Amino acid sequence: MELKRITVDDTEVFDYIADDVFDEPIHPSRLRDYLADASHLMMLAIDDGLVVGQCAAVVHRHPDKVAELYIDEVGTATSHLRQGIARRLMDAIFEWGRELGCEESWLGTELDNVAANGLYQAMDSDPEPIVLYCFGL
């Protein structure tokens, strides 16, 4: 299993993705736009040429607070669950965030996502209640 930091030059690795790694099919122009933005980070887990896990994050810089790493997505192929892939991806993206000057990281997940909540709590994190508002643009 290889963990790979994805750059704008790595679009070919998205040709072979296992089921359930991403929520929707990859759209080539969206992928290029995403990877072209230096504040977007993506780490992939690759097993014999097949993408079996992903962690996407965004570096948030503020004029009045420390830089934060927002974990936007974590996904693992159903065929590769319970192998520590998500934990390895998160540890690797945290390291990348530290290299970029981030001092904190945060994410959100649904209350009924038992697997995700178990992972995040095992990573010595304290959940904080929030209210989520969604706006159509």
Side-chain angles (χ1 to χ4, degrees):
M1 181 82 52
E2 169 194 8
L3 297 187
K4 182 173 180 58
R5 291 180 180 187
I6 301 304
T7 70
V8 72
D9 298 322
D10 294 315
T11 57
E12 74 284 346
V13 300
F14 292 87
D15 291 342
Y16 303 100
I17 303 172
D19 292 338
D20 304 323
V21 173
F22 291 91
D23 294 332
E24 303 289 336
I26 299 297
H27 191 275
S29 67
R30 291 180 192 155
L31 175 63
R32 283 190 301 276
D33 290 346
Y34 182 90
L35 295 175
D37 187 328
S39 66
H40 292 166
L41 309 181
M42 183 174 286
M43 183 80 61
L44 297 181
I46 302 170
D47 186 10
D48 196 27
L50 181 67
V51 174
V52 296
Q54 61 96 4
C55 184
V58 178
V59 175
H60 286 269
R61 299 195 186 278
H62 305 276
D64 61 334
K65 297 181 266 188
V66 299
E68 302 172 319
L69 184 67
Y70 165 61
I71 306 298
D72 185 43
E73 295 280 339
V74 180
T76 305
T78 303
S79 60
H80 286 68
L81 292 175
R82 301 273 182 217
Q83 297 179 27
I85 294 170
R87 174 66 186 250
R88 287 182 57 204
L89 285 165
M90 290 191 61
D91 287 342
I93 208 121
F94 287 163
E95 177 60 29
W96 195 358
R98 282 190 291 275
E99 290 172 17
L100 295 172
C102 295
E103 296 182 31
E104 297 178 348
S105 183
W106 63 280
L107 58 79
T109 193
E110 294 79 11
L111 293 173
D112 62 352
N113 189 337
V114 175
N117 282 292
L119 169 64
Y120 306 144
Q121 289 171 6
M123 294 180 74
D124 209 19
S125 176
D126 294 319
E128 295 183 24
I130 66 167
V131 176
L132 174 67
Y133 296 93
C134 296
F135 302 91
L137 301 179

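Since this is a predicted model, take the numbers as computed values, not measurements. Positions are given from 1 along the sequence.
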*Asks:* With a sphere of 6.0 Å drawn around CD of Glu128, does it hold more than 12 non-hydrogen atoms of other residues, nucleotides or ligands?
*Replies:* no
*Asks:* Under a 3.5 Å distance rule, please check whether Glu73 uses its side chain to pair with a backbone N or O of Ala56 as donor and acceptor.
*Replies:* no
*Asks:* For a 4.5 angstrom cut-off between non-hydrogen side-chain atoms, does Arg98 reach Cys102?
*Replies:* no
*Asks:* Verify side chain to side chain contact (heavy atoms under 4.5 Å, CB included) between Leu31 and Phe14, making sure each step is shown before the conclusion.
*Replies:* CA-CA 9 Å; Leu31 175 63; Phe14 292 87; 3.5 Å; yes
*Asks:* To the nearest 0.5 Å, what is the distance between OG on Ser39 and NE2 on His60?
*Replies:* 8.0 Å
*Asks:* Using the rule side chain to side chain contact (heavy atoms under 4.5 Å, CB included), only one of Glu95, Arg87, Arg88 pairs with Asp91; which is it?
*Replies:* Arg87
*Asks:* With heavy-atom distances below 4.5 Å as the criterion, would you say the side chains of Ile17 and Leu50 are in contact?
*Replies:* no
*Asks:* Under 4.5 Å between side-chain heavy atoms, hopping through other hydrophobics if needed: is there a path connecting Val21 to Tyr16?
*Replies:* no
*Asks:* Between atom CG of Leu69 and atom CG of Leu100, what is the distance when rounded to the nearest 0.5 Å?
*Replies:* 8.5 Å
*Asks:* Does the side chain of Asp10 reach to within under 4.5 Å of the side chain of Leu35, using non-hydrogen atoms?
*Replies:* no
*Asks:* Do side-chain atoms of Asn113 reach the backbone of Ala116 as a donor and acceptor pair under 3.5 angstrom?
*Replies:* yes
*Asks:* Supply the atom-to-atom distance His62 NE2 to Lys65 NZ, rounded to the nearest 0.5 angstrom.
*Replies:* 4.5 Å
*Asks:* I need the minimum non-hydrogen distance between Gly101 and Ala67, along with the two atoms involved.
*Replies:* O-CB, 3.7 Å
*Asks:* Do you reckon Phe22 sits in the same ILVMFWY cluster as Met1, going by side-chain contacts under 4.5 Å, direct or chained?
*Replies:* no
*Asks:* Would you say that Met90 contacts Val74 through its side chain, given a criterion of any heavy-atom pair below 4.5 Å between the two side chains?
*Replies:* yes
*Asks:* When hydrophobic residues are tied together by side-chain contacts of less than 4.5 Å, even through go-betweens, does Val58 share a cluster with Val66?
*Replies:* no
*Asks:* Is it true that, when you exclude Asp48 itself, more than 12 heavy atoms of the residues, nucleotides or ligands shown sit nearer than 6.0 Å to its CG?
*Replies:* no
*Asks:* About how many Å separate CG of Leu89 and CE of Met43, when rounded to the nearest 0.5 Å?
*Replies:* 7.5 Å
*Asks:* To the nearest 0.5 angstrom, please state how far the CG atom of Asp37 sits from the CG atom of Asp33.
*Replies:* 9.0 Å
*Asks:* For a 4.5 angstrom cut-off between non-hydrogen side-chain atoms, does Ile6 reach Val13?
*Replies:* yes
*Asks:* Taking everything shown except Asp124 itself, do over 12 heavy atoms lie less than 6.0 Å from its CG?
*Replies:* no
*Asks:* Starting at CD1 of Ile46, measure out to CD of Gln54 and round the result to the nearest 0.5 Å.
*Replies:* 12.0 Å
*Asks:* Hey, could you give me each pair passing ring pair (Phe, Tyr, Trp, His ring centres under 6.0 Å) that has a residue in residues 30-51? Not counting sequence neighbours.
*Replies:* Tyr34-His40
*Asks:* Using a 4.5 Å cut-off on heavy atoms from C-beta on, say whether the side chain of Ile85 contacts that of Val52.
*Replies:* yes
*Asks:* Any side-chain heavy atom of Ile71 within less than 4.5 Å of one from Ile93?
*Replies:* yes
*Asks:* Show every ring pair (Phe, Tyr, Trp, His ring centres under 6.0 Å) that has at least one partner inside residues 71-122, sequence neighbours left out.
*Replies:* Tyr70-Trp106
